[in-house]
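Order of listing sets the numbers, starting from 1, for every ligand and every atom in it.
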Amino acid sequence: MTDQVLIFDTTLRDGEQSPGATMSHDEKLEIAEMLDEMGVDIIEAGFPIASEGDFNAVSEIAKLSKNAQICGLSRANFKDIDRCWEAVKHSKRPRIHTFIGTSPLHRAIPNLDMDQMAERIHDCVTHARNLCDNVQWSSMDATRTEWDFLKRTVDIAIKAGATTINIPDTVGYTEPVESADLIKRLIAEVDRADEVIFSTHCHNDLGMATANSLAAVQGGARQIECTINGLGERAGNTALEEVVMAMKVRKDVMPFRTGVDTTKIMNISRRVATVSGFNVQFNKAIVGKNAFAHESGIHQDGMLKNRETFEVMRPEDVGLSGTSLPLGKHSGRAALRDKLEKLGYEMGDNELKDVFVRFKDLADRKKEVFDDDLIALIRQNDTEDDRLKLKDLTVICGMNGPQKATMVLEVDGEDHTTQATGDGPVDATFNAVKALFDHTARLQLYQVHAVTEGTDAQATVSVRMEEDGRIATGQSADTDTVVASAKAYINALNRLIVKREKTAPGSDTAGIKYTDAGE
Ligand code: KIV
Ligand code: ZN
């Protein structure tokens, strides 16, 4: 038996079926191109009979794809199959996928008895095979289908000309030992099993989809159906990135190969998350934000000494530029020293001890400590060195704009005054700063929080600014929201000025980098 496992991606069909994950025509084409480029063997591009849009997307993908086989889904009836063929036939390597629910619960819906269903399978697979020499049969809900009947459906499909036999765990019901045994038994007991490829298609309702798919491969399946990020109905499908990386990392127990270029994983994962609107949870295997991030002191110390202490795969293998060691309350002295050195601060043990105490105090109050927090910490809230200081601010606002800000700003020890207008008092204020201190930094985030209740509450304003790939945040509190905004903005600018001297351009946007992400 070959050690090559075909990767059948159904992000654009089963993945798109998850409520709310609808993708536009152009987005589907873009994802299909990425799948093709990453070396996926089969792309299930849609369900052509489902809508005009699905039909057009499948036809277009069939025309454009270079290497992958392009597959469309069809229920087990001639009309669906014909429509599917019309869409996929443009591909250099078309495939028709047809299915029917074979378990007792699913047989009851079209109200077919076993003999009638057997006949339907025979007729539909034969019809599909007359159109296309690459036909996949799926006995939907196979894992809850009576063994004898499942075997019969598979037997009929093979005799009628199916080239791939898919055994779906439609409701995520099976478990790994059962999953492996089912495939093994089918291969052993069905006639001419060696003439077809057995495929596994697992849903994640009990969180076992990836384990079940890999177990099916151990049992003899040579095609895994999966989606990027595990996108799919309910709890989703087997995640492509998980099965591919598991086979790569555990070759010792799973000596199988795929043609997928794993370094493209992060890129496509991010794109699918964006276009589907399904964000990837932080702790998701392989593609989660935290999959290669370590905050605890023991882990960070280990990672700095030998990456393999806490990582079973290299971030570069999935398209990341490196591991991230975010500083937080669990971080230790080794990570702090490492980070400070990267920021250009060499310090002796005593000085580090002192900074470490202040760092822990800050980390207790703040989820993540960023570079500019550390710089501020080292400067010990000493604003003496700040190049910019707000000396005075008067803002006129109301219903009859434009709003006007008059500002006195000390720049390098000298007072400068200006008047600026803007679309609202905050905009006018920020324009005044820009007029007095020319800079190219872009405002990335502006947030206002009321610290206490009531109209006299202190407002805390946070801003984040970016300039040449360096990011700085600034914060300030005041009972006057506009004054707090001005101070926060100036605070961020002061930090950015320090960063210009201490760090290289791009130092903040390169922390977690995704190849070809264009960021
Ligand atoms: O989950 C399932 O059974 C399916 C089939 C259409 C293959 O998606
Ligand atoms: Zn499915």
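With hydrogens left out, the protein atom closest to atom 4 (C) of ligand 1 is H201 NE2, 3.5 Å, a heavy atom. Protein heavy atom nearest atom 6 (C) of ligand 1, with residue, atom name and distance: R13 NH2, 3.7 Å. When hydrogens are left out, the protein atom nearest atom 3 (O) of ligand 1 is T170 OG1, 2.6 Å; that is the closest non-hydrogen contact.
A salt bridge does not link E178 with K184: every distance from a Lys NZ or Arg NE/NH1/NH2 to an Asp or Glu carboxylate oxygen is 4.0 Å or more. No salt bridge links D155 with K151; every basic N to acidic carboxylate O contact stays at or beyond 4.0 Å. Salt-bridge formation is not detected for the pair D3/R222: no Lys NZ or Arg NE/NH1/NH2 atom is positioned less than 4.0 Å from an Asp or Glu carboxylate oxygen. Electrostatic pairing of E86 and K89 counts as a salt bridge here, judged by a charged N lying under 4.0 Å from a carboxylate O.
Between F292 and M266 the shortest side-chain heavy-atom distance does not fall below 4.5 Å. In this structure the side chain of V463 reaches within 4.5 angstrom of the side chain of L443, judged on heavy atoms.
Considering backbone and side-chain atoms together, N166 places no N or O closer than 3.5 Å to any N or O of ligand 1. Taking distance alone, with nitrogen or oxygen atoms compared against 3.5 Å, E225 stays at or beyond that limit from ligand 1.
Within H201, the N, O or S atom at minimum distance from the Zn ion (ligand 2) carries the name NE2.
In summary, the atoms of ligand 1 found under 4.0 Å from a heavy atom of M140, numbered by their order in the structure, are 3 (O). Under a 4.0 Å criterion applied to the non-hydrogen atoms of H203, ligand 1 contributes the atoms 1 (O). If you number the atoms of ligand 1 from 1 as listed, the ones under 4.0 Å from a heavy atom of D14 come out as 8 (O).
Rounded to 10°, the angle that OD2 of D14 and NE2 of H203 form at the Zn ion (ligand 2) is 100°.
Heavy-atom contacts from other residues, nucleotides or ligands closer than 6.0 Å to CD of E119 number 12 or fewer.
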